[in-house]
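Letters go in sequence order (proteins before strands), and every chain restarts at 1.
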Amino acid sequence: MSLTEGPVKELDDKFVDLIGKFVSDIKTGKLKGSNNVALAMVTLLETIISDSQNATAYELCGAVRAAGRRVISALPHELVAANVARRMLRAIRDENRAHANQSVEASGESLQRLVLAAGARRATLGSAQQDLREPLRDQIAELRGELESSISSICGQAKEHVNGDELILTYGASAIAERFLRAAAHRKYKLILAEGAEQSESHAMANRLSAAGVSVTVISSASIYAVMSRVNKVVISVKAAMGGGAVLAEAGLHAVTQAARHYCVPVLALAPLYKLSPVHDVSHFNAYAAPHTALPYERHELATDNMHVYAPMYDFAPPDHITLFITNLGGSSPSYMYRMLSELYDLNDYVF
Amino acid sequence: MDIDKENVVQAVVIMDTFNGHFSPICDNKPMGLLPVAGVPLINYILESLSNGGVGEVILFCCKYGQKIKDYIRKCIEDKAVWSVSMDVQVMMSDTCQTMGDVMREIDAAGLIRGNFILAGVNSVTNINFASLLEQHKQTCKKDKGAAMTLVYKKLAWEHPLISADKPIFLAADANTNKVLMHQKYKQKSTEKTISLPLEIVLNHSEVKLHHNLADASIALCSPSVPPLFSDNFDFQTRDDFIHGILINEEILASSLYYTLLKGHQYAATVTNWKTYQTVCRDVLHNWTYPITFEAGTFNQNNYITMCNHIFRAKSSTLSRSCSLEEDVLIGANTQINDNTIISKSMIGKNCVIGNNVTIKGSHIMNNVVIKDNCTVVHSFIDDNCVIEEKCIIENGTMIASNVVVEAGSHLKGNILESTEVEREKTLMKSTSESTEWENESSGSGGDDFIGFEKSWSDSQSCYSSDGSDESSLPDSPVPEDTNIFLQEVIDSLARGYEEKLKNDYLILEINSSRYAYNIQLHEVNFFVVRALLSIPVLAENKNVVNTMKDILKYFRPVLANYIKTKSSIMDCLRAVEDSCIKCEWLDGKAGQILHLLYEADVVDEDSLLEWHQDLQENESPIANQPSLVKFFDWLEEASEESDESD
């Protein structure tokens, strides 16, 4: 029985409460940063897996899928949480497959065996009934290890990409871009920081980098195009890297990558693998934040009542604007991202 | 679940507004369940409290407590996000008539453990309560008497949240943010001047003056606030509290602070239909982010965003030929048919809108059916209404739930209630801009609308007793409360005289009625004397002057208690004047009464002369009474004699 055909599994009440706690932690701001959200999601799913009464692959998949669906419906913009749930589903499937293969006495790899195994790969979960909790524990530990080390492994590549006397441009404040740039501080490059929507955060980041010994110039986002001709590289962090090689990032980024493209400046997108999302339709993803950055509420007078003020949160940069994705596995070109996607997730789990 | 009770942030939400601003829509349902942008109001405050790090909420209901209780239970079953992080308690008390009563009740119940957040159910905000409370705690460390930090949002002066509500003038110490003066003006007040006491400027190095503030009706309170309400029976509303604290700062040893919200923080109060519309629009325009019109529901993203701030639920059905212009919210399972035009409107769940309907600037609640060829402009239609074909509904019409409007009706600013249109109040003057989103011609808009009109007169009556209203007593018709008070004092005194009760008890009785009816001290002086002269025994008795003498002798301690200072003597004399004009049994006996009062040492000579002068200047009807003239002649003679004897 394929999973997608099965009925939607109802979660236990205690799991529903756990998910509620997770959601409210994110909403109240106790849990911040995509990496922390990803780790918390792993912990949440681990609890659900280890507390499930029936630990067959089918049951576990159902529980994880239901949990993922619930989290997504409450937090449609936390793509990372959904990605972690997909990774977990993939782990369960892999584990199940490994067990299924074990039962067929393995005697060396052969072409014939690979062809035969394709059947198992087509995901029939019903056959195996063994308890998967024990083997999954290693998988979860591995996933957690990857999440914990992903930022540092991306920053470890900084030296390869940032060279001395280069002029680097980055846009807005982000934890990962800050660590990346800090890791390359000894290269004596110059940094231009274009302030994003949250100016105060950009300024704070500039201060910290400057304290770390980087020469930082803060410019307003309006003058990005003007300085772009002198820039050697653009380093950006993304909210989500999509299968087609496009990125979803902080609002205003499209202007940066467009300018970079015009001057043929390479754009490096820092994307840990947990940000890789199998979503293609981004139209409904854009959410509107409070438009105070565009027009302060104090200025909102009677006369301006007919006006519509928008402050979209995200921007979409098409694949041809990105030169290189830097993931924790190394650099890869946008056209290779679809491949990464199929390595990380199971095709059945793209849509919850 | 083991929570450290000490560190849990507490919030008190008062679930009633204690006024009829939302009549008749809120006549039979609690304010908390009035939908704002499609979501019951209570969800906004609960979600923002939960997002703001509050751990325990006390909802205090004075009316419809059961409905709120059921709603909360349902929300918890539905796993609303706030239900996980917050403990929500519903408290009910039918006896509370004002916010002051609520606070006294809370004090009596001893529910407050430390600093807490006080909010009204009608607040819509996205502020971080926990950090504001932390700020308040810091203030408390510096000033032990800090009782309350008021939360305000700075706005443009022309903003509808100010012009549709009572504007506030606030003076504060710029260094400490301590409130020095707080004044609320009437809506559309034409006062051109602000009087600022000189000592405010002299005693502080820097003073900030604010005139463009919107009250979020959110306050951060110290644990001393509920006891303060208990100690002062005359604190009825939060404004009374603020005034009381500011006037008696030394006696109560408390002070007030304020804080202004920063750019991304939004706070507003739904106080009347105009602010209701403003808040709805702001919610739709994402000013309240991250709180949206999906507040309170666990599942987000049920709406499809279209351009121009148009949102429709995924399960709604739109005809291809209908056009949505701007600022539209369409609820779940609502169906909109051909050639219908909708702009600046909220449409609830499960509605059916027919063909060729025009809806502009209106709020339509759930399960409403609007049939073909109708026009709905600037109106409010509550749940389960049916509007038959070819109706025209405009100019701030309010239609309460379960009304069927007959085909071809033309409603202009009417208020319709209940099923069979039992009562139909038509506006005396129905103007167009009453429930509009924006009123371009701001001069003619606003207060002509019955919803406002009625409510304003209500709120004025509760304001009439706070010092700012200086309409002097004898001239103005006596307001309701004071009339009752006078009657009570007369009753107490009459009974006291008949049963020869102790004067101390009578004073106590008068004082307690004073607090019950919120009477100012100078009015009490006036009314006690007025009551003394109106005791029924006097009217029944033939020999008024002798009886009067007895009465005055008996009530000497009562008078001594109230009539002490110069100003109280003047109050007393004014009361005599008033009584002599109004009570026929005292007709022509003003002189004798004054003589008795003079002999009893209640009034002194200087005041008498001053009063006499006043009488002549004002051409009072009793000024030329023979007995009065005789008395003052005698008084002057007596004084000359005493001067001579000196």
> Go through the steps to decide whether A/D17 and B/K79 satisfy the test side-chain contact (heavy atoms from CB on, under 4.5 Å), and finish with yes or no.
CA-CA 8 Å; A/D17 288 344; B/K79 310 278 178 201; 3.3 Å; yes
> Hey, could you give me the OG/CG distance between A/S24 and B/N51, rounded to the nearest 0.5 Å?
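The distance works out to 8.5 Å.
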> Does any backbone or side-chain atom of B/N126 lie under 4.5 Å from a heavy atom of chain A? Answer side chain, backbone, both or neither.
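The answer is neither part of B/N126.
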> Is it the case that A/H308 and B/H309 place a side-chain donor and acceptor less than 3.5 Å from each other?
yes
> Decide side-chain contact (heavy atoms from CB on, under 4.5 Å) for B/E47 and A/K27; before the verdict, give the C-alpha distance in whole Å, the side-chain angles of both, and the deciding distance to 0.1 Å.
CA-CA 10 Å; B/E47 176 123 357; A/K27 285 205 163 182; 3.5 Å; yes
> What part of B/L161 is in contact with chain A, defined as an atom under 4.5 angstrom from a non-hydrogen atom: side chain, backbone, both or neither?
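Just its side chain gets close to chain A.
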> For A/Y297 and B/Y266, take the angle between the two ring planes, folded into 0 to 90°, and tell me which bin it lands in: parallel under 30, tilted 30 to 60, perpendicular over 60.
perpendicular
> For B/V84 and A/F22, what are the C-alpha separation, side-chain angles and deciding distance, and is it a side-chain contact (heavy atoms from CB on, under 4.5 Å)?
CA-CA 9 Å; B/V84 181; A/F22 174 73; over 6 Å; no
> With chain A, which of B/E294, B/K153, B/E326 has the greatest number of heavy-atom pairs at distances under 4.5 Å?
B/E326
> Under 3.5 Å, is there a donor-acceptor pair between the A/Y288 and B/H285 side chains?
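Note: A/Y288 and B/H285 side chains miss the donor-acceptor criterion.
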> Need one label for A/I72: side chain, backbone, both or neither, based on atoms under 4.5 Å from any heavy atom in chain B.
neither
> Heavy-atom pairs under 4.5 Å with chain B are the metric here; pick the option from A/G20, A/P296, A/A74 that has the most.
A/A74
> For residues A/A290 and B/Y289, report the shortest heavy-atom separation together with the two atoms involved.
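Looking at all heavy atoms of both residues, the closest pair is N-CB, 3.4 Å.
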> Supply the atom-to-atom distance A/H292 NE2 to B/N286 CG, rounded to the nearest 0.5 angstrom.
11.0 Å
